[in-house]
Amino acid sequence: MKVLVLGGDGFCGWPTALHLSSKGHEIVIADNFSRRRIDQDLGVQSLTPIRSLRRRISRWHSLTGREIAFHHLDVAEEYDKLLALLRAEKPDAVIHFAEQRAAPFSMKSARHKSYTMRNNVCGTEHILSAIVETGADIHLVHLGTMGVYGYGGTDAALPDGYLPVFVPTAGGDLKRQEIVFPADPGSVYHLTKVLDHCTFQYYAKNDRIRITDLHQGIVWGTQTPETGLHPDLINRFDYDGDYGTVLNRFLVQSAIGYPLTVHGTGGQTRAFIHISDTVRCIELALDNPPERGDRVRVANQIAETRQVRELAMMIAERTGCDIAYVDNPRNEAAENALCVRNDVLRGFGWDPVTLEDGLLAEVEEIALIHRGRCDVNKIPAMSTWTTAQSPGLPAFLSEAAE
């Protein structure tokens, strides 16, 4: 199968490209390197040293003999170039990672909100329009987020995208039907994913595009078997307040002796998945496409749910690191329940990886090896959700500075 990976230089895109290449698929990457430019704008770098994409691809070829093609492309700004690429490469499937992926970054300012909205929503629309214009039967696989459901605290299990309901008819009877699960985004980033999902519903219905929307949990870990083959292939490891995911942040903080920063009470329950499972689920989605004319296939791409303070205590017990409870910059409930079904992917044969000591030790080892690259000033979360909140250093750092 020929697969076009949009955003193939990123945290999820790069290991996915390698994984699929290792399985014998013909891989084409398109990227505009926006994630690398954002690092420059934020004055931060991946904890792991990231090589140029040219060097990454060259190393992969030297190790495996597998070719990966690359095209420099901004899908949100260069529609004609995207259309020409689809026509020239004729992919069987397109994997869409080409979006700004951080909720805190999307809430930093009006400029960041606008960029996230324009990049994500326009990019998705361009991809769908270009697929329609080619006339080709291309399967689109999109990496979405569990955040489209919101975190309202219900004990009911979140289904794979569609909710069965009973609607009163004019005659007074109840008619069963399935509706798209009501969205409840918690940031501008999550809002763009909700808009994506609505756009997918339209294009699947109107233009019969085959679409899989994977609602993914928070990713932890950094390496897959393929990225671990050589230092040139190593994946990103973000630890900063904008892009660092919570468990990876805790592991870096413990590696440098920095108190684990728990926002609010830490009672937020979130869904988690290891990066190695991310690439496996993408493969399963490619292997099991919906039929042309089917509704959007939605799959909850999560392995387990955990409370944030539970994770902090787990890491603290392993490392002896202190826990610091700091003000929560997000506009969210202090505590929430979260129960999620993942029947679709399990039905394809997926057996999820959970928070095992061996994998945690692997991430800790990477954090310890590269801890000298960590800038402690970039650890605190400085983006706030409301104007009433004022960003600043956590109290324990402010006191130390005085």
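Along the sequence shown, residues are numbered consecutively beginning with 1.
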Asks: For a quick test of your reading: what N or O donor-acceptor pairs under 3.5 Å do the side chains of residues 5-20 make, sequence neighbours left out?
Replies:
{"unit_1": "Asp9", "atom_1": "OD1", "unit_2": "Arg36", "atom_2": "NH2", "d": "3.0"}
{"unit_1": "Asp9", "atom_1": "OD1", "unit_2": "Arg56", "atom_2": "NH1", "d": "3.0"}
{"unit_1": "Asp9", "atom_1": "OD2", "unit_2": "Arg36", "atom_2": "NE", "d": "2.6"}
{"unit_1": "Asp9", "atom_1": "OD2", "unit_2": "Arg36", "atom_2": "NH2", "d": "3.3"}
{"unit_1": "Trp14", "atom_1": "NE1", "unit_2": "Leu233", "atom_2": "O", "d": "3.0"}
{"unit_1": "Thr16", "atom_1": "OG1", "unit_2": "Cys12", "atom_2": "O", "d": "2.7"}
{"unit_1": "His19", "atom_1": "NE2", "unit_2": "Glu283", "atom_2": "OE1", "d": "2.7"}

Asks: Please test Thr145 against Tyr189 for side chain to side chain contact (heavy atoms under 4.5 Å, CB included), starting from the C-alpha separation and ending with a verdict.
Replies: CA-CA 10 Å; Thr145 172; Tyr189 157 74; 3.8 Å; yes
Asks: State the NE2-CH2 distance between His274 and Trp220, to the nearest 0.5 angstrom.
Replies: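 Answer rounded to 0.5 Å: 4.5 Å.
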Asks: Hey, mind stepping through Asp294 and Arg210 against salt bridge (Lys or Arg N to Asp or Glu O under 4.0 Å) and telling me if it holds?
Replies: CA-CA 7 Å; Asp294 284 355; Arg210 294 185 294 149; over 6 Å; no
Asks: Salt bridge or not for Arg346 and Asp160, using N-O below 4.0 Å?
Replies: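 The answer is no: the pair does not qualify as a salt bridge.
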Asks: If I take atom CE from residue Met107 and atom OG1 from residue Thr386, how far apart are they, to the nearest 0.5 angstrom?
Replies: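 Output value for this atom pair is 8.5 Å.
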Asks: Drop me the distance from Asp277's CG to Ile273's CD1, to the nearest 0.5 angstrom.
Replies: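 These two atoms lie 5.0 Å from each other.
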Asks: Looking at CD of Glu77 and OG of Ser34, how far apart are the two atoms once the value is rounded to the nearest 0.5 Å?
Replies: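 These two atoms lie 11.0 Å from each other.
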Asks: Verify the distance criterion only: is there a donor paired with an acceptor across the side chains of His190 and Ser187 at less than 3.5 Å?
Replies: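 Present: a donor and an acceptor within the cut-off.
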Asks: Take Tyr202 and Asn206 through the side chain to side chain donor-acceptor pair (under 3.5 Å) test and state the conclusion after the steps.
Replies: CA-CA 6 Å; Tyr202 171 77; Asn206 192 71; 3.2 Å; yes
Asks: Write down the atom of Thr134, the atom of Arg87, and the distance for their closest heavy-atom approach.
Replies: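 Answer, listing the atom of Thr134 first, then Arg87: CG2-CG, 4.0 Å.
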Asks: Please check if atom CD in Glu356 has more than 12 non-hydrogen atoms from other residues, nucleotides or ligands closer than 6.0 Å.
Replies: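 Buried by this count: over 12 neighbours within 6.0 Å.
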Asks: Determine whether Leu85 and Leu4 make a side-chain contact, defined as any pair of heavy atoms from C-beta on separated by less than 4.5 Å.
Replies: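 Touching, per the 4.5 Å side-chain cut-off.
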Asks: Give, for atom OH of Tyr239 and atom OG1 of Thr48, the distance between the pair rounded to the nearest 0.5 Å.
Replies: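 It is 10.5 Å, given to the nearest 0.5 Å.
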Asks: Just do the side chain to side chain donor-acceptor pair (under 3.5 Å) check on Gln201 and Arg295 with the steps written out, would you?
Replies: CA-CA 7 Å; Gln201 295 291 328; Arg295 68 181 183 181; over 6 Å; no
Asks: To the nearest 0.5 angstrom, please state how far the NE2 atom of His72 sits from the CD1 atom of Ile29.
Replies: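 Between atom NE2 of His72 and atom CD1 of Ile29 there are 13.0 Å.
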Asks: Just wondering, do Gln177 and Val167 contact through their side chains at under 4.5 Å, heavy atoms?
Replies: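 Yes; the side chains approach each other to less than 4.5 Å.
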Asks: I would like to know whether Tyr203 and Glu125 meet side chain to side chain donor-acceptor pair (under 3.5 Å); could you show each step before the answer?
Replies: CA-CA 10 Å; Tyr203 275 91; Glu125 165 60 29; 2.8 Å; yes
Asks: Flag yes if more than 12 heavy atoms outside Arg54 fall under 6.0 Å of its CZ atom; otherwise flag no.
Replies: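 Counting neighbours around CZ of Arg54, 12 or fewer heavy atoms of other residues, nucleotides or ligands fall under 6.0 Å, so no.
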Asks: Verify the ring-centre separation between His197 and His215: is it less than 6.0 angstrom?
Replies: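 Ring-ring flag for His215/His197: true, centres closer than 6.0 Å.
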Asks: Compare every heavy atom of Gln301 with every heavy atom of Trp350, then report the nearest pair and how far apart it is.
Replies: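 Nearest pair, atom of Trp350 first, then Gln301: CH2-C, 4.5 Å.
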Asks: Determine the minimum heavy-atom distance between Gly217 and Ile302, stating which atoms define it.
Replies: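 Residues Gly217 and Ile302, closest heavy atoms: N-CG2, 3.6 Å.
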Asks: Should we count CG of Asp343 as having more than 12 external heavy atoms under 6.0 Å?
Replies: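 Counting neighbours around CG of Asp343, more than 12 heavy atoms of other residues, nucleotides or ligands fall under 6.0 Å, so yes.
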Asks: If the threshold is 4.0 Å, N to carboxylate O, is there a salt bridge linking Asp232 and Arg51?
Replies: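 Judged by the 4.0 Å cut-off on N to carboxylate O distance, Asp232 and Arg51 do form a salt bridge.
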Asks: Looking at Pro259 and Ala324, what are the two nearest heavy atoms and their distance?
Replies: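 Taking Pro259 first and Ala324 second, the nearest heavy atoms are CB-CB, 3.8 Å.
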Asks: Tell me whether the centres of the aromatic rings in Phe237 and His370 are closer together than 6.0 Å.
Replies: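 No: the rings miss the under 6.0 Å criterion.
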Asks: Under a 4.0 Å threshold between the charged nitrogen and the carboxylate oxygen, would Arg35 count as salt-bridged to Asp238?
Replies: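 So Asp238 pairs with Arg35 through a salt bridge.
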Asks: Side chains of Asn120 and Thr192: is there a donor and an acceptor less than 3.5 Å apart?
Replies: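 Checked: Asn120/Thr192 side chains pair up, N/O donor to acceptor below 3.5 Å.
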Asks: Compare all side-chain heavy atoms of Phe105 with those of Ile38 and state whether any distance is below 4.5 angstrom.
Replies: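 Side chain of Phe105 against side chain of Ile38, heavy atoms only: contact under 4.5 Å found.
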Asks: Quick check on Arg341: does its CZ atom have over 12 non-hydrogen neighbours (other residues, nucleotides or ligands) under 6.0 Å away?
Replies: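 No, the 6.0 Å shell around CZ holds no more than 12 heavy atoms from other groups.
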Asks: Counting neighbours of NZ on Lys2 that are heavy atoms of other residues, nucleotides or ligands and sit closer than 6.0 Å, is the number greater than 12?
Replies: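 Atom NZ in Lys2 is packed in, count exceeds 12.
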Asks: Taking all heavy atoms of Pro380 and all of Tyr258, pick out the closest pair and write down the distance.
Replies: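 Nearest pair, atom of Pro380 first, then Tyr258: CG-OH, 3.6 Å.
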Asks: Please tell me if the side chains of Asp213 and Asp196 come closer than 4.5 Å, counting only heavy atoms from C-beta onward.
Replies: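 When only atoms from C-beta onward are counted, Asp196 and Asp213 do not touch, as no gap falls below 4.5 Å.
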Asks: Given side chains that start at C-beta, do those of Lys193 and Pro185 come closer than 4.5 Å, heavy atoms only?
Replies: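 A side-chain contact under 4.5 Å is absent here.
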Asks: When you compare the side chain of Arg318 with that of Met313, does any pair of heavy atoms fall below 4.5 Å?
Replies: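 They are not in contact (no side-chain heavy atoms under 4.5 Å apart), so the answer is no.
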Asks: Just distance, no hydrogens or angles: give the donor-acceptor pairs under 3.5 Å from side chains in residues 240-248, sequence neighbours left out.
Replies:
{"unit_1": "Asp240", "atom_1": "OD2", "unit_2": "Asp242", "atom_2": "N", "d": "3.0"}
{"unit_1": "Asp240", "atom_1": "OD2", "unit_2": "Tyr243", "atom_2": "N", "d": "3.0"}
{"unit_1": "Asp242", "atom_1": "OD1", "unit_2": "Ser383", "atom_2": "OG", "d": "3.1"}
{"unit_1": "Asp242", "atom_1": "OD2", "unit_2": "Lys108", "atom_2": "NZ", "d": "3.3"}
{"unit_1": "Tyr243", "atom_1": "OH", "unit_2": "Gln100", "atom_2": "OE1", "d": "2.6"}
{"unit_1": "Thr245", "atom_1": "OG1", "unit_2": "Val219", "atom_2": "O", "d": "2.8"}
{"unit_1": "Asn248", "atom_1": "OD1", "unit_2": "Gly221", "atom_2": "N", "d": "3.0"}
{"unit_1": "Asn248", "atom_1": "ND2", "unit_2": "Gly221", "atom_2": "O", "d": "3.2"}

Asks: Is there a side-chain contact between Val3 and Asp92 (heavy atoms, below 4.5 Å)?
Replies: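 No; the side chains remain at least 4.5 Å from each other.
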Asks: Check this for me: Glu310, atom CD, are more than 12 non-hydrogen atoms of other residues, nucleotides or ligands nearer than 6.0 Å?
Replies: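 More than 12 within 6.0 Å, yes.
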Asks: Walk me through whether His263 and Gln268 qualify under side chain to side chain donor-acceptor pair (under 3.5 Å).
Replies: CA-CA 9 Å; His263 295 154; Gln268 308 94 330; 5.8 Å; no
Asks: Using only heavy-atom distances, determine whether the side chains of Trp60 and Ser21 contain a donor-acceptor pair under 3.5 Å.
Replies: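 Yes - a donor-acceptor pair under 3.5 Å links their side chains.
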Asks: Could you walk me through whether Phe181 and Tyr149 pass ring pair (Phe, Tyr, Trp, His ring centres under 6.0 Å), step by step?
Replies: CA-CA 7 Å; Phe181 195 92; Tyr149 300 115; 5.3 Å; yes
Asks: Stepwise, does the side chain to side chain contact (heavy atoms under 4.5 Å, CB included) test hold for Arg297 with Ile211?
Replies: CA-CA 6 Å; Arg297 173 173 287 155; Ile211 301 172; over 6 Å; no
Asks: Side chains of Glu364 and Ser254 only: does a donor on one sit below 3.5 Å from an acceptor on the other?
Replies: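 There is no such pair between these side chains.
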Asks: For Lys23, does the NZ atom sit with more than 12 other heavy atoms under 6.0 Å from it, leaving out its own atoms?
Replies: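 Open: at most 12 neighbouring heavy atoms sit under 6.0 Å from NZ of Lys23.
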Asks: Check the angle between the aromatic planes of Phe33 and Phe70 and answer parallel, tilted or perpendicular using the 30° and 60° thresholds.
Replies: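 Geometry flag for Phe70 against Phe33: tilted rings.
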Asks: Under the rule for side chain to side chain contact (heavy atoms under 4.5 Å, CB included), what residues qualify as partners of Ala285, not counting sequence neighbours?
Replies: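 Once residues adjacent in sequence are excluded, the partners of Ala285 under the side chain to side chain contact (heavy atoms under 4.5 Å, CB included) criterion are Val141, Thr212, Leu214.
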Asks: Over all heavy atoms of both residues, which pair between Ala312 and Val262 is shortest? Give the atoms and the distance, please.
Replies: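 Minimum heavy-atom separation between Ala312 and Val262: CB-CG2, 3.6 Å.
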Asks: Flag the pair Gln223 / Val363 as yes when at least one side-chain heavy-atom distance between them is below 4.5 Å, and no otherwise.
Replies: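 Counting from C-beta outward, Gln223 and Val363 never come under 4.5 Å.
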